[in-house]
2 protein chains.
Amino acid sequence: MRRQMTEMLKGTLEGIVLGILSGRPAYGYEITARLREMGFSEIAEGTVYALLVRIEQRGFVDVEKHPSEKGPPRKVYSLNVQGQAHLEEFWRTWGFLAERLEELHEGGR
Amino acid sequence: MRRQMTEMLKGTLEGIVLGILSGRPAYGYEITARLREMGFSEIAEGTVYALLVRIEQRGFVDVEKHPSEKGPPRKVYSLNVQGQAHLEEFWRTWGFLAERLEELHEGGR
DNA sequence: TACTAGTACATAGTAACACAGAGTAGTGGC
DNA sequence: GCCACTACTCTGTGTTACTATGTACTAGTA
């Protein structure tokens, strides 16, 4: 992946995944697929799993195991109340940053 | 600084500083001050100087030393052609990310 | 049986970057 | 002499996404 995007994803990827989960519960493989659909074609699978472990440990999601027709059981993640709060905080932080960058970009032209 | 913002700044702070320099040349202390004016009140001084060293080493800026009326000489950084190109690339990357996040945020409500 | 592909999760090691904190230097005012 | 302000430098730390690799289960197919 391009270095610039890699760095920019630090801090935002977590929010993106929480955002995906806010719609409805999902499991790792599914989340990876959705990210690819969204255009983040180069996000490594391992990255997503590591992130899911992290947000689980921080208590932002609840986890349930569901058997899969094909392959090993799925770990289905759903956003809980703390996760919802964290996501809202994420949107606020993102909003602030996006505003500043918008201003800067406007001014630079 | 809040952890969330710290992580989000990774990768974007470089673009912000290049954006500031695209307006006109500036020195480290001045850039720090401008960032604070913009609302990034908690960005550490050391962070800005380290970033400036990095973009100098990557050849995005030209540097000139100017004596100061108060304090040690200033290192004035100005964006060169490569820096300009890198900044444009930054805006493209940022634009992509911002669009995706916008969609996600809209969809989540 | 052996293989391939697709699904699904996990982890060890690495690089990049913002931070905290401390330090060095110069000027001017009290 | 001491403090405040200006201006830059450096060392060590934590977080995060990446690469690379591995495990495990199913279905198809030759």
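Throughout, protein chains are lettered first and strands after them, A, B, ... in sequence-line order, and every chain is numbered starting at 1.
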C:dA18 C1' sits how many Å from B:E42 CD, rounded?
13 Å
I need the CD1-C1' distance between A:I16 and D:dA17, as an integer number of Å.
12 Å
Starting from C1' on D:dT16, measure out to CD1 on A:I43 and report it in whole angstrom.
13 Å
Test side-chain hydrogen bond (donor to acceptor under 3.5 Å, both in side chains) applied to B:T32 - qualifying residues, sequence neighbours left out
none
CD of B:E64 versus C1' of D:dA7: gap in Å, rounded?
17 Å
With the threshold set at under 4.0 Å for non-hydrogen atoms, list the residues of residues 86-99 of chain B touching DNA chain C in residue-number order.
none
Reading nucleotides 8-17 of chain C from the 5' end, what letters show protein touch, with B for base, S for backbone sugar-phosphate only, - for no heavy atom under 4.0 Å?
BBBB----BB
Distance-only check: which donor-acceptor pairs under 3.5 Å involve side-chain atoms of residues 55-62 of chain B, not counting sequence neighbours?
from	atom 1	to	atom 2	distance (Å)
B:R58	NH1	B:E14	OE1	3.2
B:D62	OD1	B:N80	ND2	3.3

Calculate the interatomic distance between A:R2 atom CZ and D:dC18 atom C1'; express it in whole Å.
15 Å
Euclidean distance, atom CG of residue A:L35 to atom C1' of D:dA17 [Å, nearest integer]
13 Å
Could you tell me which residues satisfy side chain to side chain contact (heavy atoms under 4.5 Å, CB included) with A:R34, sequence neighbours excluded, listed by chain and number?
A:I20, A:R24, A:A26, A:E30
To the nearest Å, give me how far apart CE (A:M8) and P (D:dT16) are.
18 Å
Among pairs that include at least one residue of residues 45-55 of chain A, which meet salt bridge (Lys or Arg N to Asp or Glu O under 4.0 Å), considering only residues two or more places apart or in two chains?
none
Rounded to the nearest 0.5 angstrom, the OG1-CD1 distance for A:T6 and A:I43 is 9.0 Å
May I ask you to test the B:T47-B:L9 pair for a side-chain heavy-atom distance under 4.5 Å?
no
For B:R92, all residues meeting salt bridge (charged side-chain N to carboxylate O under 4.0 Å, His left out), sequence neighbours excluded:
B:E89
Distance-only donor-acceptor hits, side chain of residues 94-101 of chain B, under 3.5 Å, sequence neighbours excluded:
from	atom 1	to	atom 2	distance (Å)
B:R100	NE	A:M38	O	3.0
B:R100	NH1	B:E103	OE2	3.2

Would you mind writing out the side-chain donor-acceptor pairs for residues 69-78 of chain B within the sub-3.5 Å range, not counting sequence neighbours?
from	atom 1	to	atom 2	distance (Å)
B:R74	NE	B:Y27	OH	3.3
B:R74	NH2	B:Y27	OH	3.2

In whole Å, what is the span from the CD1 atom of B:I31 to the C1' atom of C:dA18?
16 Å
